[in-house]
Amino acid sequence: MKKELIEKNYQILDHYGMLHQMDIWIEEMSELIKEICKIKRNYDKWDGDIPFRNLNDTRLEITDVQVSLDQMKRALEYSESHQEMDYEYKVDRALREIEEK
């Protein structure tokens, strides 16, 4: 993601504040959950070929959640390097669990 775009996103957080944005973050994440549920509910009927509208709606909700996550990382002072370390730990742990099965 381009740094200047993320900086523009921070202006939204700075303007409204963390307390207000928390409601937005929850709303955006719940909307993504709703889209995932729609896909799951109809996945067999579609035989794995997700209709464009559902696919597009889900992609837009993923973007909304990414906007929210970027704001959250800023508000909670969660650096990219720290997130990368945590990400690597989580992925490696999941792969170890797969190997152990």
What's the shortest heavy-atom distance between [X] and [Y], and which atoms?
| X | Y | result |
| --- | --- | --- |
| Gln83 | Tyr78 | CA-OH, 3.4 Å |
| Ile39 | Trp46 | CA-CZ3, 3.7 Å |
| Thr58 | Asn54 | OG1-O, 2.8 Å |

Sorted by first residue and then second, give each side-chain hydrogen bond (donor to acceptor under 3.5 Å, both in side chains) pair with at least one member in residues 91-101; sequence neighbours left out.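 Listed once each, the pairs would be none.
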Got Val91 and Glu88 here, is their nearest side-chain heavy-atom distance under 4.5 Å?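 Not in contact.
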Quick one, Trp25 and Met18 - any side-chain contact, counting heavy atoms below 4.5 Å?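 Result yes, sub-4.5 Å side-chain heavy-atom pair found.
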Kindly work out whether a path of hydrophobic side-chain contacts (I/L/V/M/F/W/Y, heavy atoms less than 4.5 Å apart) joins Ile24 to Leu32.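 Per the 4.5 Å side-chain linkage, Ile24 and Leu32 are not co-clustered.
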Atom pair [atom1]/[atom2] of [X] and [Y] - distance to nearest 0.5 Å:
| X | Y | atom1 | atom2 | result |
| --- | --- | --- | --- | --- |
| Gln21 | Met72 | CD | CE | 11.5 Å |
| Glu61 | Gln66 | CD | CD | 13.5 Å |
| Leu69 | Ile62 | CG | CD1 | 11.0 Å |

Intermediate values then yes/no, salt bridge (charged side-chain N to carboxylate O under 4.0 Å, His left out), Arg53 and Asp57: CA-CA 6 Å; Arg53 178 171 182 208; Asp57 288 349; 3.8 Å; yes
Under the side-chain hydrogen bond (donor to acceptor under 3.5 Å, both in side chains) test, residues paired with Asp14 that sit two or more places apart: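 With sequence neighbours excluded, Asp14 shows a side-chain hydrogen bond (donor to acceptor under 3.5 Å, both in side chains) to Arg74, given in chain and number order.
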Sequence neighbours excluded, the answer for side-chain hydrogen bond (donor to acceptor under 3.5 Å, both in side chains) partners of Glu27 is none
Any chance CG of Leu76 has more than 12 other-residue heavy atoms, nucleotides or ligands included, within less than 6.0 Å? yes
Would you say OH of Tyr43 has more than 12 non-hydrogen atoms from neighbouring residues, nucleotides or ligands within 6.0 angstrom? no
Would you call Glu80-Lys73 a salt bridge at under 4.0 Å N-O? yes
I need the single residue from Asn9, Ile12, Val65, Leu13 that forms a side-chain contact (heavy atoms from CB on, under 4.5 Å) with Asp70. Which is it?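 That would be Asn9; it is the only one of Asn9, Ile12, Val65, Leu13 passing the side-chain contact (heavy atoms from CB on, under 4.5 Å) with Asp70.
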Salt bridge (charged side-chain N to carboxylate O under 4.0 Å, His left out) evaluation trace for Lys38 with Glu35: CA-CA 5 Å; Lys38 286 180 189 177; Glu35 291 302 323; 3.3 Å; yes
